[in-house]
Enquirer: 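Quick one: structure below, then a few questions.
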2 protein chains.
Amino acid sequence: MNDRRPTLADVAHAAGVSTSTASVVFSGKVNVAEATRERVLAAASELGYTGPDPRAASLRLGRSGIVAVVLGGHLRHAFLDPVTTAMMDGLTDALAEASAGLLLLRDDPHEAGAHPVTEAPVDAVVLIGCSARTREALEIVRGRGLPVVVIEGDAGEGIPQVTLDNREASADVARHVFQLGHKHVALVTLALDADRRRGIVTPEHIAAATVDVTLDRLAGAREVFPDAPAISAAGSLIDEGMIAGRALLTDSAHRPTAVLAQSDLLAVGVIRAAEELGLRVPEDVSVAGFDGIAVDGLGDYRLTTAVQPAVRKGRAAGEQIVRMLDGEPGETVHLACRFRAGSTTAAPPARP
Amino acid sequence: MNDRRPTLADVAHAAGVSTSTASVVFSGKVNVAEATRERVLAAASELGYTGPDPRAASLRLGRSGIVAVVLGGHLRHAFLDPVTTAMMDGLTDALAEASAGLLLLRDDPHEAGAHPVTEAPVDAVVLIGCSARTREALEIVRGRGLPVVVIEGDAGEGIPQVTLDNREASADVARHVFQLGHKHVALVTLALDADRRRGIVTPEHIAAATVDVTLDRLAGAREVFPDAPAISAAGSLIDEGMIAGRALLTDSAHRPTAVLAQSDLLAVGVIRAAEELGLRVPEDVSVAGFDGIAVDGLGDYRLTTAVQPAVRKGRAAGEQIVRMLDGEPGETVHLACRFRAGSTTAAPPARP
DNA sequence: TTGTACGCGTTATCAC
DNA sequence: GTGATAACGCGTACAA
């Protein structure tokens with residue numbers, strides 16, 4: 001008894017038909033006489049043949065039914081971010097229509113060797129964010145001639161992207177706070193680069209930064225508050241927001257009257273830090289976020305924020321991928337955030 | 001100019017070498033004269049050849065470098081669950097050593113057509129949970145002869161599994177509450193089946209239930225409190241816990257003195273519901289959870305719970321996959337939870 | 001060190 | 001409705 005798995009040819013042989021006929025029985029694309037069909041199926045189950053080998057099929061067909069998603073950094077990081085998961089959700093929805101699976105690839109800047117996207121049998125690629133390493137992935141993918149969509153990253157020259165009006169939306173939030181009368185405002189930014197270091201953001205840091213989202217939101221806020229100090233967090237986490245919040249709010253002499261955080265999770269952390277220090281939000285300090293996600297544990301607050309269409313972002317990317325797989329050209333999609341005033345911002349406290 | 005992508009043969013031809021030589025240049029498995037090497041590489045970049053086609057390579061090599069993870073239900077659901085994300089994290093860590101990518105497949109019970117795992121070019125499969133549909137996936141995977149590991153599901157006959165002592169751990173929690181003096185206890189369960197319906201759990205529901213985790217934790221609690229009423233939630237969410245909590249705690253005449261929830265998120269929801277009703281935790285009502293995750297927004301509470309090794313669960317599964325890909329037999333791994341007493345349980349209030 | 005020849009398992013095309 | 005044939009693009013004994 002042979003130990004290797006049965007192939008279509010084995011089945012065809014056992015059923016006394018040609019391999020092409022057997023193939024057609026499984027693909028169902030051409031009519032087959034009912035009798036032959038059953039003979040083939042019987043032979044298949046006899047031999048334990050469970051259908052065409054996807055590897056061979058994908059070589060023959062030129063497609064594997066798999067779309068890669070390249071995420072920066074550790075997957076844990078990515079999945080802890082509600083915006084990312086919402087986006088993935090929209091993406092899978094859109095791709096489900098092409099019945100494509102989603103291959104998760106991490107984009108570790110500290111990893112040696114070939115980029116994983118080089119060796120993955122995928123039909124298309126979605127790049128999220130755009131670190132230097134992501135740009136490298138983009139080159140590889142383009143070289144392979146695969147359809148690609150970049151979500152929130154500067155891809156350049158004719159590559160379909162899904163963009164968000166980060167700068168404008170961030171400016172909207174800042175303007176709201178400005179109109180409430182705040183002069184003394186501090187910013188909490190997302191990571192500036194793949195190293196994700198915490199600390200005060202200097203012009204040098206900005207020059208060396210690689211994360212466009214962070215830079216755009218920062219630029220938007222500084223349209224309104226050009227001199228606002230900024231402190232960067234290591235990631236979009238409540239804990240990171242608390243660390244930044246403590247750093248900003250502890251010293252009562254230099255305490256800002258408002259803090260603009262680049263994500264809702266960071267904003268919640270800042271609020272926690274404020275509460276910890278006995279400050280009331282928004283009476284003593286106003287806090288605004290970005291994203292418009294539903295944050296667990298926010299209590300009665302309703303965050304002032306820019307609501308971004310996270311699910312639609314993923315869905316839009318998926319739709320472009322599907323289009324390109326159908327041979328049509330991909331298009332860049334611009335999505336807009338919507339400002340939402342909440343209960344965490346108010347006029348600054350009267351100072352003596 | 002030909003429009004189709006260049007192949008290894010084209011490169012070899014342009015470089016004036018045989019395809020095997022060219023192949024070896026890219027795989028690097030055999031020594032090649034430096035001069036030839038450079039000629040081949042030059043020809044490759046000339047033609048825009050970016051390396052072997054992964055589809056062809058995977059057919060030839062018999063492996064694709066992809067491991068499938070089959071998740072029940074919607075991905076959004078899965079990634080909202082901190083236990084799942086932690087597990088995925090451990091899984092990716094373990095699989096990174098085999099430099100395998102992770103293919104996300106959803107296991108939609110309401111979806112028609114062939115199970116996605118039938119057509120995916122993967123080397124191994126990880127099944128999470130075990131609905132009826134998952135069992136179907138298991139059959140397919142076994143038929144294809146792929147290595148498979150089942151996480152927290154009843155796989156039966158010689159299939160490597162990663163299991164948790166759900167029943168014992170649940171009983172531990174219940175025992176703790178029992179020893180505090182509680183007699184009147186209610187349970188909040190996870191979903192019983194793929195339909196995820198909310199409501200009072202009847203013996204009929206239990207008989208028709210398909211989610212082993214839910215049943216095991218339920219059974220554990222009822223070892224200690226055989227008559228405890230149970231109410232099922234539609235998922236492991238704070239909101240679901242609130243809904244269940246309101247249902248259990250609103251009627252002061254039949255209010256339990258303790259609520260055992262099958263997940264920490266549910267427990268937090270129950271606590272929220274209690275606070276909403278003006279009840280103090282643990283003075284008026286004790287609440288315990290399951291999982292031992294860090295819940296955002298829990299405030300000063302420290303949840304009484306069973307801490308499960310979520311990351312290790314994923315890591316263990318990944319390690320077994322790696323073993324099996326190396327040709328060794330996979331083994332079942334049993335993991336244990338650790339009881340953790342917190343500040344959300346105390347002796348029941350004295351009743352008049 | 002390099003080249004020849006074959007097979008991996010399938011499917012599309014065309015005849016019959 | 002069915003069958004012969006030719007790719008799909010690559011890796012690897014084996015021979016030179």
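We use all heavy atoms of the structure for the numbers below, so side chains are in, but hydrogens, waters and symmetry mates are not. The chains referred to below are lettered A, B, ... by the order of the sequence lines, with proteins before strands, and numbering in each begins at 1.
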Enquirer: Between C:dT10, C:dA12, C:dG3, which nucleotide gets closest to the side-chain atoms of A:Ser20?
Expert: C:dA12
Enquirer: Quick one: side chain to side chain donor-acceptor pair (under 3.5 Å) partners of B:Ser20, sequence neighbours excluded?
Expert: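 Checked B:Ser20 against side chain to side chain donor-acceptor pair (under 3.5 Å); matches are B:Ser18.
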Enquirer: Reckon A:Ser23 touches a base, only the sugar-phosphate, or nothing at all at heavy-atom distances under 4.0 Å?
Expert: base
Enquirer: Please produce a list of atom pairs where a protein N or O lies less than 3.5 Å from an N or O of nucleotides 14-16 of chain C.
Expert:
none

Enquirer: Is a side-chain donor or acceptor of A:Asp193 paired with a backbone partner of A:Arg196 at a separation under 3.5 angstrom?
Expert: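 Yes; judged by distance alone, with no hydrogens or angles, the pair exists.
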Enquirer: Of all nucleotides in DNA chain D that come within under 4.0 Å of a heavy atom of chain B, which is furthest toward the 5' end and which toward the 3' end?
Expert: D:dG9 to D:dT12
Enquirer: Rounded to the nearest Å, what distance is computed from the CG atom of residue A:Asp53 to the C1' atom of nucleotide C:dT11?
Expert: 13 Å
Enquirer: Rounding to 10 degrees, work out the angle separating the end axes of the helix from C:dT1-D:dA16 to C:dC16-D:dG1 (five pairs an end).
Expert: 30°
Enquirer: With sugar-phosphate meaning primed atoms plus P, OP1 and OP2, does B:Val24 contact a base, only sugar-phosphate, or nothing at under 4.0 Å between heavy atoms?
Expert: nothing
Enquirer: Around B:Arg323, counting heavy atoms of other residues, nucleotides and ligands shown, do more than 12 lie under 6.0 Å from its CZ?
Expert: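 Check passes, neighbour count above 12.
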Enquirer: Please state whether the base of C:dT11 and the side chain of A:Arg60 form at least one donor-acceptor pair under 3.5 Å?
Expert: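 Side chain to base: pair present.
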Enquirer: Would you say that A:Glu152 contacts A:Lys313 through its side chain, given a criterion of any heavy-atom pair below 4.5 Å between the two side chains?
Expert: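 A side-chain contact under 4.5 Å exists here.
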Enquirer: To the nearest Å, give me how far apart CZ (B:Arg55) and P (C:dG9) are.
Expert: 19 Å
Enquirer: What's the CG-C1' distance between A:Leu61 and C:dT10, to the nearest Å?
Expert: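 From A:Leu61 CG to C:dT10 C1': 8 Å.
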Enquirer: Tell me: NE2 of B:His13 to P of C:dG3, nearest whole Å?
Expert: 13 Å
Enquirer: Looking at B:Thr21, does any N or O in its side chain come under 4.0 Å of the phosphate oxygens OP1/OP2 on C:dG3?
Expert: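 Yes.
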Enquirer: Run the salt-bridge test on A:Asp123 and B:Arg55 with the 4.0 Å N-O cut-off and return the result as yes or no.
Expert: yes
Enquirer: Rounding to an integer number of Å, can you tell me how far A:Arg63 CZ sits from C:dT11 P?
Expert: 10 Å
Enquirer: Looking at every strand, decide which applies to B:Leu8 at a 4.0 Å heavy-atom threshold: base, sugar-phosphate, or nothing.
Expert: sugar-phosphate
Enquirer: Expressed as a whole number of angstroms, how long is the span from A:Leu59:CG to C:dT10:P?
Expert: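 Spelled out: CG on A:Leu59 to P on C:dT10 is 12 Å.
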Enquirer: So which of residues 26-47 of chain A are in contact with DNA chain C, with a heavy-atom cut-off of under 4.0 Å?
Expert: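 Output list: A:Lys29.
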Enquirer: Any pair with a residue in residues 35-51 of chain B that passes side-chain hydrogen bond (donor to acceptor under 3.5 Å, both in side chains), sequence neighbours left out, goes on the list, sorted by first then second residue, please.
Expert: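 Output for this query is empty, none listed.
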